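For reference, the structure discussed in these notes is given below.
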2 protein chains.
Amino acid sequence: MKWYNKEGNLNEIILSTRVRLSRNLKDYPFPVRLDENGKKQVCALVKDIFLKEKEDLNFIEMESLSDYEAVSLTEKHLISPRFASDGEGGALILSEDESVSIMLCEEDHVKIQIIEPGLSLLAAFEKANEFDKELEASLPVAFDEKLGYLTQCPTNLGTGMRASVILHLPGLAASRSISRLSSTVSKLGLTLKSVYADEKEYIGDIYQLSNQVTMGISEDMAVQNLNAIAEQIAQQEKQAREILVKDDRVIDRIFRSYGILKSAHMLTCSEFTKLLSLVRLGAAQGLLNIPLETLSTLLIEMQPATVNAISKRALSRSERDIIRAERVREALK
Amino acid sequence: MKWYNKEGNLNEIILSTRVRLSRNLKDYPFPVRLDENGKKQVCALVKDIFLKEKEDLNFIEMESLSDYEAVSLTEKHLISPRFASDGEGGALILSEDESVSIMLCEEDHVKIQIIEPGLSLLAAFEKANEFDKELEASLPVAFDEKLGYLTQCPTNLGTGMRASVILHLPGLAASRSISRLSSTVSKLGLTLKSVYADEKEYIGDIYQLSNQVTMGISEDMAVQNLNAIAEQIAQQEKQAREILVKDDRVIDRIFRSYGILKSAHMLTCSEFTKLLSLVRLGAAQGLLNIPLETLSTLLIEMQPATVNAISKRALSRSERDIIRAERVREALK
């Protein structure tokens, strides 16, 4: 079972939480200055530390992945897009449930990433911290008294921590509150941005809220700060939804979207994402009787490269639209 | 049970058959020259003939109908639009199942109309003929050796018979064959025209094929002629559908349409008609397991004034869209 199949705190609004720690080994230059051999050495060292004790972790060399497998990992936010396209010499340590993903020799030597369902910042941070402790107990890590953890990109210097939550905000989007919200949170050192878009527009009302400041702030403070703001946004979203679902036209759109997802024989990713957003709103508000985990799973697994990965081949777009529709119908039966 | 709830011959393509006989009483001027009193006399005379023997016939004075009840009768093709708006002094004899409707003092003194499900021209003509015989056995009817039955409108002179079938032609519409077909049948003395339209276009791919020639041809010949051509069109439509349902996009549209009809909470008449057409195609081709009678019933009963008539009040457009969606969901459960 993947992490996104599981229930989460506040998951009617908050889909997931992610915490990432960037670390570099003191005795090696940053990956950008390592040749393939150097990268392999770093990967092997870190692999030995993490894999010797934990049974559910797998070590995956980036070269072993097909294009769509690598892109599928970015769709699942397990690796960065850059790592998918340019990961030579790098590797990924991935847990069975995909809640732990550790990029080796991406931008930094080690990026420890924990994903949890719902709002779960503290737990995710603690879990990431355990991996960090294990790493630091075994190998000297680049740390400066003044600057904190050293990272290749200066924006990560200090805590080396990025934390984020994925929110579903159809209520605030409908009340045109997103841009105001976005500028408010940026004053608090956070960023709010849309996760999904097609050629024309942002779609699905799914947003990522993440911390930007890594210096002059402790990890605990950063996590508490983000947590408080996420809860506040969730509260505003709840109120906006109460108004939204009083509108007959919105109710109609929710039920139609469900009807189409249950019956279509072709679904583009873009249409699917729009419809799923409305169905998720309906399920969260108790209008539709569908477990939210089912919808979270579909949202992740029906992205293009992940559909390829599940089908184990590079499908054409129209083949994919047919398979997507089949799987969605099956999941919503 | 109404006639449209019943199964019919070839009803995967032919929804219904209608035969109408125009007759006038010899001893009275045409209705246009009758005052209200004169019309009432004619109505009473004919009422006595038909209602004395048949138990399932009702006599309805046009003045007794509300606007939407009268318009509902036109939506069901039981009376002419003109009679609905300007029927003072006139009356309607209507059977319980609505297969027999006799307009009294519309354009002519008596218009006997029989509707049957599917292709059933001969049976409908014979049934109409029985009423005519009954009428002519009781009252002298205006008939001229040379001209045949005398009618107010010269286009009905002769047999005074109009026969028509309602066809569902999504296959021929998709292959853009309708205008060619229309000009072909007009050379054979028939007319093909679209039944439903919204502000912008013809919708639903529902067509009426009717005879135009009433002089120099016997009723039998006219009926046989129309029957043969209707069968031929049905054959062409079958072939066109075979090609159509090989297209994945059409399959997708059929299933989506079904999904929307089963789940929407608001349906305009125009959208409903378009969706129903696709669902009917799916049901006729065995893709969807829905009795065709259910769909024929919906197509008739979900027209605007008929929704009002079923709800027994003049609804606003948006109230009607909500009630229409409710009833459609219920019917397709």
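On a predicted model such as this, the values are computed, not experimentally measured, just so you know. Below, chain A is the first sequence line, B the second, and so on; all start at residue 1.
- For residues 240-251 of chain A, the interface with chain B (any heavy-atom pair closer than 4.5 Å) comprises A:D248, A:R249, A:I251, sorted by residue number.
- Contact annotation for residues 308-333 of chain B against chain A (heavy-atom separation below 4.5 Å, listed by residue number): B:I322.
- Residues of residues 269-303 of chain B that come closer than 4.5 Å to chain A, counting heavy atoms only, are B:E271, ordered by residue number.
- Crowding of B:D67 atom CG: a count of heavy atoms from other residues, nucleotides or ligands under 6.0 Å not exceeding 12.
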For residues 260-267 of chain B, run the donor-acceptor check on the side chains, cut-off 3.5 Å, and write out each pair with its distance to 0.1 Å, sequence neighbours left out.
unit_1: B:S263; atom_1: OG; unit_2: A:F255; atom_2: O; d: 3.1
unit_1: B:S263; atom_1: OG; unit_2: B:G259; atom_2: O; d: 2.6

